[in-house]
Asker: 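Before I ask anything, here is the structure I am working with.
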Amino acid sequence: MSEDRRFPDYEAKWQAAWAESRNRKASEVHSKGDKDFYVLSMFPYPSGRLHFGHALPYTLTDAIARYKRMNGYNVLNPMGWDAFGLPAENAAIEAVRRGEKNVHPARMTYDSIATMRSQMNAFGYSFDWEREVYTCKPDYYKWTQWLFLKMHERGVAYRKKARVNWCPDCKTTLANEQVETRVKDGDEYQACFRCGSAVEPREIDAWFLGITRYADRLLQGLQDLAQHWPELVTSQQRNWIGRSEGVNIDFAIELRAGASGSGPLKPPAPEGTESSGVQREKLPVFTTRADTAFGVTFLAIAPEHPLVDKILKLVDTRTHKRLVDFVKETLNMTEQDRASGDEKEGVATGMFAVNPLNGDKVPVFVANYVLMYGTGAVMAVPAHDERDHEFAREYRLPMKQVVAPAPGSEEQVDLKAQAFTAPGVLIDSGAFTGLPSAEAMARIGADLKARSAGGPVVNYKLRDWGVSRQRYWGCPIPMIHCPQCGVVPVPEKDLPVTLPDDVDFLPTGRSPLTLHPSFQHVKCPACGAEARRDTDTMDTFVDSSWYFLRYTDAHNAKAIFDPQKAARWMPVDLYVGGREHAILHLIYARFFNMFLHDLGLVQAPEPFSRMYAHGLIQGESRRVVTDEMDRYVTEEELKRLLDTGKATPEDVVRRIEKMSKSKLNGADPTQLVAQYGADAVRLTILFMGPAESDSVWEKDAIKGPYHFLRRWHDLALSSAPLVEDLPEMGPDCRMNAAATKLRFASHSLIEKARTEFEGRFALNTVIAKAMELVNDMRAFIAAENLAGPCKNASDPSLASRWTLAECFDILARTMAPFVPHTAEEVWHALGGKQSVLDTPWPAADPAALVLDEVELPVQVNGKLRGTIKLPAKADKATMEKLALENENVKKFVEGKAIQKLIVVPGKIVNVVAK
RNA sequence: GCGGAGGUGGCGGAAUGGCAGACGCGCUGGACUUAGGAUCCAGUGGGUAAAACCGUGCGGGUUCGAGUCCCGCCCUCCGCACCA
């Protein structure tokens with residue numbers, strides 16, 4: 001495409017003009033009591049430069065915000081920075097290692113922010129910068145710390161020793177949610193979500209947030225959100241919370257000194273029960289299949305089960321060694337690693353446990369397939385559970401069938417081959433024999449409860465959230481460790497606990513703050529003794545769990561926010577973000593909001609009324625694999641390689657992937673803005689497809705939208721004389737058919753845009769409609785032979801000119817949310833005085849949306865055979881008549897008897913003939 | 001295995017149960033040009049001389065009429081996955 005500087009030029013002009021009259025962009029232009037709308041796109045991590053991953057949601061929310069403003073809303077559309085975090089720290093570490101001076105995560109962060117903010121401004125986004133928040137500034141993280149204290153007061157934040165996921169590369173711990181399964185060379189492993197390194201388990205003292213106590217409410221809340229949140233997100237959260245209803249059954253384990261796991265697994269003779277130091281201890285197991293409880297043939301406990309230590313003290317040396325080795329080996333894997341392994345292994349403890357339902361004594365194993373979920377112990381029913389079946393076969397343990405297929409079912413039971421896991425009817429189950437599974441579960445649960453041997457319980461997969469990070473660039477945890485008083489919270493008046501600047505942040509595996517000379521030295525607020533500050537910082541997901549509330553009162557120095565102000569805007573009417581945050585951020589944010597709701601600071605229990613998950617803009621990568629090389633290349637480099645014969649087309653692997661630097665498949669939106677203008681890029685992003693689906697950036701994608709903007713602008717300039725200073729239309733001035741049709745098109749555009757902005761945001765179809773209108777206008781001008789200025793009120797072309805002028809007006813106003821610069825430019829070129837952004841959204845004239853004459857399809861036996869033109873209000877009889885008169889229809893009906901005539905007024909005629 | 005999304009021209013994508021392929025890219029032809037990777041005009045699912053006919057992953061069904069609704073499959077992508 002040739003150089004055309006007009007877009008960048010007039011865009012700069014209008015951006016400057018808007019900056020002058022900035023209060024238009026403030027969130028509260030209209031007086032209180034008016035309609036409020038809070039639209040929010042997830043704030044970015046300041047990674048350095050804006051990329052398409054940002055441009056899509058910001059363009060979308062900007063268009064929506066502008067649309068809402070034109071409709072008279074006060075719109076809150078803020079922007080801020082998720083500014084703490086590892087990438088800046090890692091980049092600083094790299095820079096230090098390269099020998100650079102004066103590098104600091106803070107500086108890199110603020111530099112990134114400055115760059116990205118100016119890039120956003122170049123896009124013409126109408127963010128309310130007055131409310132900008134930075135999570136890394138003390139005026140913000142003071143309140144993150146305050147929240148932590150509030151949670152601590154209520155026992156929601158607590159400290160415990162825990163096995164955590166440790167990333168050896170980032171040198172910090174990760175939350176469960178931040179560990180993902182990856183595959184390399186066919187092997188699955190557990191990886192850090194950030195850098196991809198394999199995580200290792202570690203035992204560590206850490207702070208946890210008790211999200212599990214909100215599990216049920218978080219789950220319940222999803223029901224209300226279901227209507228306005230993507231199923232994709234709610235179902236993932238439901239899955240993650242993982243509620244399961246079942247029954248706890250208290251087995252009684254007999255701890256016997258000198259027990260041995262070797263040899264045959266026979267319970268000891270009953271006479272020894274009272275002597276020889278037998279201790280009975282309760283061992284509850286959790287099951288969702290209480291109906292199979294009479295089929296238990298052994299118990300299995302997790303290697304980290306607390307009972308393991310007790311057992312170790314009692315068993316003989318051989319069993320002891322086997323157990324210790326097994327537990328050690330298993331615990332050396334991460335929990336998820338263990339889960340992905342396919343071999344079920346275990347060690348017999350030599351202990352036996354009594355089934356409270358039938359008195360059976362069954363052996364107890366420690367097994368690698370049992371997780372510390374539920375009670376960390378399972379009753380194994382090989383006949384009716386695949387995992388137990390597998391284990392039982394491996395170790396030749398007995399199976400006992402207690403459920404038979406329901407009468408009339410064709411299911412077969414073949415326990416040698418596999419477990420029978422379907423529900424059915426109980427057999428060999430004492431008093432419960434003959435009951436269907438569902439009823440048996442309920443009865444057994446009730447029975448156990450009555451006998452105080454367990455009962456119905458609910459379990460969750462969700463675990464508490466470990467938030468301690470052994471890194472520097474994060475929010476300090478406002479806690480003090482006193483040798484006398486233990487853990488003491490920093491008094492509120494001493495907040496914030498400021499993150500010092502002068503810290504050696506090179507990774508050592510210990511928190512960098514421990515190396516700072518003065519940070520950790522502090523007097524205990526309770527007793528005044530020498531104490532030590534907590535030197536860990538918080539997971540950055542904590543920072544981002546409440547930022548949407550801070551926007552409602554961004555500069556409050558006295559409180560986290562004014563509940564009144566929060567109440568005005570919250571909940572967020574529309575929250576736009578990527579699917580990758582379906583569980584992490586979105587569940588944490590809901591949790592925090594619920595906590596604040598419980599404190600009485602927030603009215604609505606849910607923070608986001610509507611969530612919109614946008615797709616990814618991906619790029620095509622080119623990877624060349626030959627004997628000499630295996631790497632990603634740019635399009636240019638590929639061309640060179642092919643031209644010089646260093647690679648053949650067969651060596652090239654093209655893939656659609658998420659844009660990334662290493663894959664050389666990214667496009668820089670800001671560079672495109674410089675070349676084609678912000679409006680062209682904005683329009684292209686929205687035109688590529690519905691925003692919720694992924695799409696691929698192709699370098700030619702911008703051509704259509706760019707072309708459209710130019711045609712519209714050209715048309716406006718060349719048509720200005722046709723539509724300027726038109727006289728009033730007299731009462732006898734009638735529009736001809738072409739004008740009526742054109743007017744229908746322009747008013748349809750208003751309607752279409754309104755529908756999409758109020759509904760599903762398929763803005764690509766709105767843009768298509770606008771393109772169509774420009775095409776129609778051009779054709780109209782040519783067909784009507786419009787030229788030169790309008791002479792006077794009796795000029796016969798007046799009605800057509802008036803229609804055309806209205807089209808320009810509608811086009812500028814409906815497109816203003818999408819392409820504000822071009823809309824403004826065109827608006828002024830055609831004599832607009834105020835800013836088009838300040839004009840109200842156009843109202844569609846219902847009269848214009850009704851056509852006098854329509855063209856309708858006529859089918860014969862369901863196949864299209866012709867069309868008829870007729871007045872829109874034509875009755876059925878007219879439609880029938882015209883349809884049957886149609887030449888082509890006649891041809892197909894000929895020689896057949898008309899059996900039926902389907903006539904749908906305004907839609908279709910279908911002739912059924914045999 | 002479980003959960004979610006999806007499968008429509010060469011491509012991105014349109015279609016309240018009612019003319020499949022809007023709009024755009026690309027392509028073909030033409031116009032204007034010293035030139036065209038600019039602009040404008042026309043055409044563009046397959047098929048045919050023109051029709052007929054065939055076309056929305058596959059197979060059934062409901063209906064006057066199905067891309068759309070129902071039943072049964074196949075495939076792709078995403079998330080979760082020994083959760084008892």
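Source: prediction; values computed, not measured. Each chain gets a letter, A, B and so on, in the order the sequences are listed, and its residues count up from 1.
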Asker: I'd like the P distance from B:G10 over to B:G61, given in whole Å.
Answerer: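 Those two atoms are separated by 29 Å.
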Asker: Just checking A:V912: base, sugar-phosphate only, or nothing, at a heavy-atom cut-off of under 4.0 Å?
Answerer: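 Sugar-phosphate, no base atom in range.
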Asker: What does nucleotides 40-49 of chain B look like as a protein-contact string, B for base, S for sugar-phosphate only, - for none, at under 4.0 angstrom between heavy atoms?
Answerer: SS--------
Asker: Using the P atom as the point on both nucleotides, what is the distance between B:U44 and B:U63, in whole Å?
Answerer: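 To the nearest whole Å, 37 Å.
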Asker: Quick one: pull up CD in A:Q859 and CD1 in A:I908 and give me the separation to the nearest 0.5 Å.
Answerer: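 Rounded to the nearest 0.5 Å, the CD-CD1 separation comes to 3.5 Å.
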Asker: For A:E772 and B:A15, give me the distance from atom CD to atom P, rounded to whole Å.
Answerer: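 In whole Å, B:A15 P lies 12 Å from A:E772 CD.
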Asker: Would you say the side-chain atoms of A:N665 and A:S621 include a donor-acceptor pair closer than 3.5 Å?
Answerer: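 No, A:S621 and A:N665 have no side-chain donor paired with an acceptor closer than 3.5 Å.
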Asker: Are the charged groups of A:E756 and A:K752 less than 4.0 angstrom apart, N to O?
Answerer: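 A salt bridge is present here (some side-chain N lies under 4.0 Å from a carboxylate O).
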Asker: Measuring centre to centre across the rings, with the benzene-like ring taken for any Trp, is A:F708 within less than 6.0 Å of A:F687?
Answerer: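 When the ring centroids of A:F708 and A:F687 are compared, they turn out to be at least 6.0 Å apart.
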Asker: Quiz question: by atom type and distance under 3.5 Å, do the side chains of A:H713 and A:R6 form a donor-acceptor pair?
Answerer: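 A donor-acceptor contact under 3.5 Å links the two side chains.
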Asker: In terms of side-chain heavy atoms of A:S235, which of B:A84, B:G4, B:C80 is nearest?
Answerer: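 Ranking B:A84, B:G4, B:C80 by closest atom to the A:S235 side chain puts B:G4 first.
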Asker: Among B:C19, B:C64, B:C23, which nucleotide sits nearest the side chain of A:I902?
Answerer: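 The answer is B:C64.
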Asker: CD1 of A:I908 versus P of B:A15: gap in Å, rounded?
Answerer: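 Result: 19 Å.
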Asker: Would you mind telling me which of B:G24, B:C23, B:A51 lies closest to the side-chain atoms of A:A768?
Answerer: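 The closest nucleotide is B:C23.
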Asker: Name the closest nucleotide to the A:L232 side chain, picking from B:G13, B:C19, B:G4.
Answerer: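 For the A:L232 side chain, the nearest candidate turns out to be B:G4.
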Asker: For A:Q899, answer base if it contacts any base atom (sugar-phosphate contacts may also be present), sugar-phosphate if it contacts only those atoms, and nothing otherwise; contact means non-hydrogen atoms under 4.0 Å.
Answerer: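 If one applies the 4.0 Å heavy-atom cut-off, A:Q899 turns out to touch nothing in the nucleic acid.
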Asker: Between B:C82, B:A84, B:G18, which nucleotide has the shortest distance from any of its atoms to the side chain of A:Q859?
Answerer: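 Of the options given, the side chain of A:Q859 lies nearest B:G18.
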Asker: What's the closest nucleotide to the side chain of A:V904 if the choices are B:C25, B:G18, B:A15?
Answerer: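 The answer is B:G18, which lies nearest to the side chain.
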Asker: With rounding to the nearest 0.5 Å, note down the distance linking OG1 in A:T212 to CD1 in A:I241.
Answerer: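 Result: 11.0 Å between the selected atoms.
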Asker: Can you find an N or O donor on one side and an acceptor on the other, under 3.5 Å apart, linking the side chain of A:K769 with the base of B:C23?
Answerer: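 No, the side chain and the base share no sub-3.5 Å donor-acceptor pair.
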Asker: With a 4.0 Å cut-off on N to O distance, would you call A:R754 and A:E751 a salt bridge?
Answerer: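 A:E751 and A:R754: salt-bridged.
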Asker: Looking at every heavy atom in both A:A680 and A:Y706, which two are closest together, and how far apart are they?
Answerer: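 Smallest interatomic distance, heavy atoms only, reads CB-CD1, 3.9 Å.
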Asker: So what does A:N459 hit on the nucleic acid, given a heavy-atom distance under 4.0 Å: a base, only sugar-phosphate, or nothing?
Answerer: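 No contact.
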Asker: Rounded to the Å, how far apart are A:E692 CD and B:G13 C1'?
Answerer: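 The answer, rounded to whole Å, is 13 Å.
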Asker: Could you check whether A:D385 gets within reach of a base, just the sugar-phosphate, or nothing at all, counting any heavy atom under 4.0 Å?
Answerer: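 No contact.
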Asker: Work out how far the C1' atom of B:G72 is from that of B:C77, and round it to whole angstrom.
Answerer: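 My reading of the C1' atoms in B:G72 and B:C77 gives 23 Å.
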Asker: When the C1' atoms of B:G9 and B:C25 are considered, how many whole Å apart are they?
Answerer: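 About 13 Å, rounded to a whole number of Å.
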Asker: From the options B:C64, B:C53, B:A15, select the nucleotide whose nearest atom is closest to the side chain of A:K752.
Answerer: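 Out of B:C64, B:C53, B:A15, the nucleotide with an atom closest to A:K752's side chain is B:A15.
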Asker: Describe the nucleic acid contact of A:P690 in one word from base, sugar-phosphate, nothing, applying a heavy-atom distance below 4.0 Å.
Answerer: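 Sugar-phosphate, backbone atoms only, no base.
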Asker: Would you name the heavy atoms of A:N861 and A:N910 that are closest together and state the gap between them?
Answerer: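 Here A:N861 and A:N910 meet closest at N-OD1, 3.5 Å.
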Asker: Indicate syn or anti for B:G36, taking the glycosidic torsion and treating anything within 90° of 0 as syn.
Answerer: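 Here B:G36 takes the anti form, which means its glycosidic angle is more than 90° from 0.
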Asker: So that I know where these two stand, are A:F298 and A:Y395 an aromatic pair - ring centroids less than 6.0 Å apart?
Answerer: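 When the ring centroids of A:F298 and A:Y395 are compared, they turn out to be at least 6.0 Å apart.
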Asker: Looking only at atom C1', what distance separates B:G45 and B:G4, rounded to whole Å?
Answerer: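 The answer is 32 Å between these two C1' atoms.
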Asker: Roughly how many Å apart are B:U16 and B:A49, using the P atom of each and rounding to a whole number?
Answerer: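 The same atom, P, in both gives a distance of 36 Å.
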Asker: Mind checking A:Y460 for me? I need base, sugar-phosphate or nothing, with any heavy atom below 4.0 Å counting as a touch.
Answerer: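 Nothing, no heavy atom under 4.0 Å.
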Asker: Rounded off to whole Å, could you give me the CG-to-C1' distance for the A:L709 and B:C23 pair?
Answerer: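 Nearest whole value for this atom pair: 14 Å.
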Asker: Using Watson-Crick and G-U wobble pairs whose two distances are both under 3.5 Å, how do you write the pairing of RNA chain B as dot-bracket, with | for links to another strand?
Answerer: (((((((..(((.....[....)))((((((.......))))))((......))..(((((..]....))))))))))))....
Asker: Do NZ/NE/NH1/NH2 and the carboxylate oxygens of A:D714 and A:R778 come within less than 4.0 Å?
Answerer: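 Looking at A:R778 together with A:D714, the answer is no, because their closest N to O distance does not fall below 4.0 Å.
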Asker: Could you give the distance separating B:C54 and B:G13 at their P atoms, to the nearest angstrom?
Answerer: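 Taking atom P in both B:G13 and B:C54, they lie 29 Å apart.
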Asker: Report the C-alpha distance between A:S244 and A:K461 in whole Å, list the side-chain angles of each, state the deciding distance to 0.1 Å, and finish with yes or no for side chain to side chain contact (heavy atoms under 4.5 Å, CB included).
Answerer: CA-CA 8 Å; A:S244 70; A:K461 257 160 65 174; over 6 Å; no
Asker: Would you classify A:N861 as touching base, sugar-phosphate or nothing, given that sugar-phosphate means primed atoms plus P, OP1 and OP2, and contacts are heavy atoms under 4.0 Å?
Answerer: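 A:N861: no heavy atom of the nucleic acid under 4.0 Å.
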Asker: Would you indicate which nucleotide in B:G79, B:C53, B:G24 comes nearest to any side-chain atom of A:F892?
Answerer: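 So the nucleotide nearest the side chain must be B:C53.
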Asker: Quick check for you: among B:G79, B:A84, B:G13, whose closest atom lies nearest to any side-chain atom of A:V378?
Answerer: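 Among B:G79, B:A84, B:G13, the one nearest the side chain of A:V378 is B:A84.
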Asker: Using a heavy-atom cut-off of 4.0 Å across all strands, would you classify A:K900 as base, sugar-phosphate, or nothing?
Answerer: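 Counting heavy atoms under 4.0 Å across all strands, the contact made by A:K900 is with sugar-phosphate only.
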Asker: Nearest-nucleotide wise, let me know which of A:V233 and A:N888 is further upstream toward the 5' end of RNA chain B.
Answerer: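 Taking each residue's closest nucleotide, the earlier one in sequence belongs to A:V233.
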Asker: Please give the distance between the C1' atoms of B:G36 and B:G57 as a whole number of Å.
Answerer: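 One C1' to the other, the span is 43 Å.
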Asker: Just checking A:D388: base, sugar-phosphate only, or nothing, at a heavy-atom cut-off of under 4.0 Å?
Answerer: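 A:D388: no heavy atom of the nucleic acid under 4.0 Å.
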Asker: Could you check how far CD of A:E231 sits from C1' of B:G4, rounded to whole Å?
Answerer: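 Answer to the nearest Å: 7 Å.
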Asker: By nearest atom, which of the nucleotides B:A15, B:G4, B:C53 is closest to the A:R760 side chain?
Answerer: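 Comparing B:A15, B:G4, B:C53 against the side chain of A:R760, the answer is B:A15.
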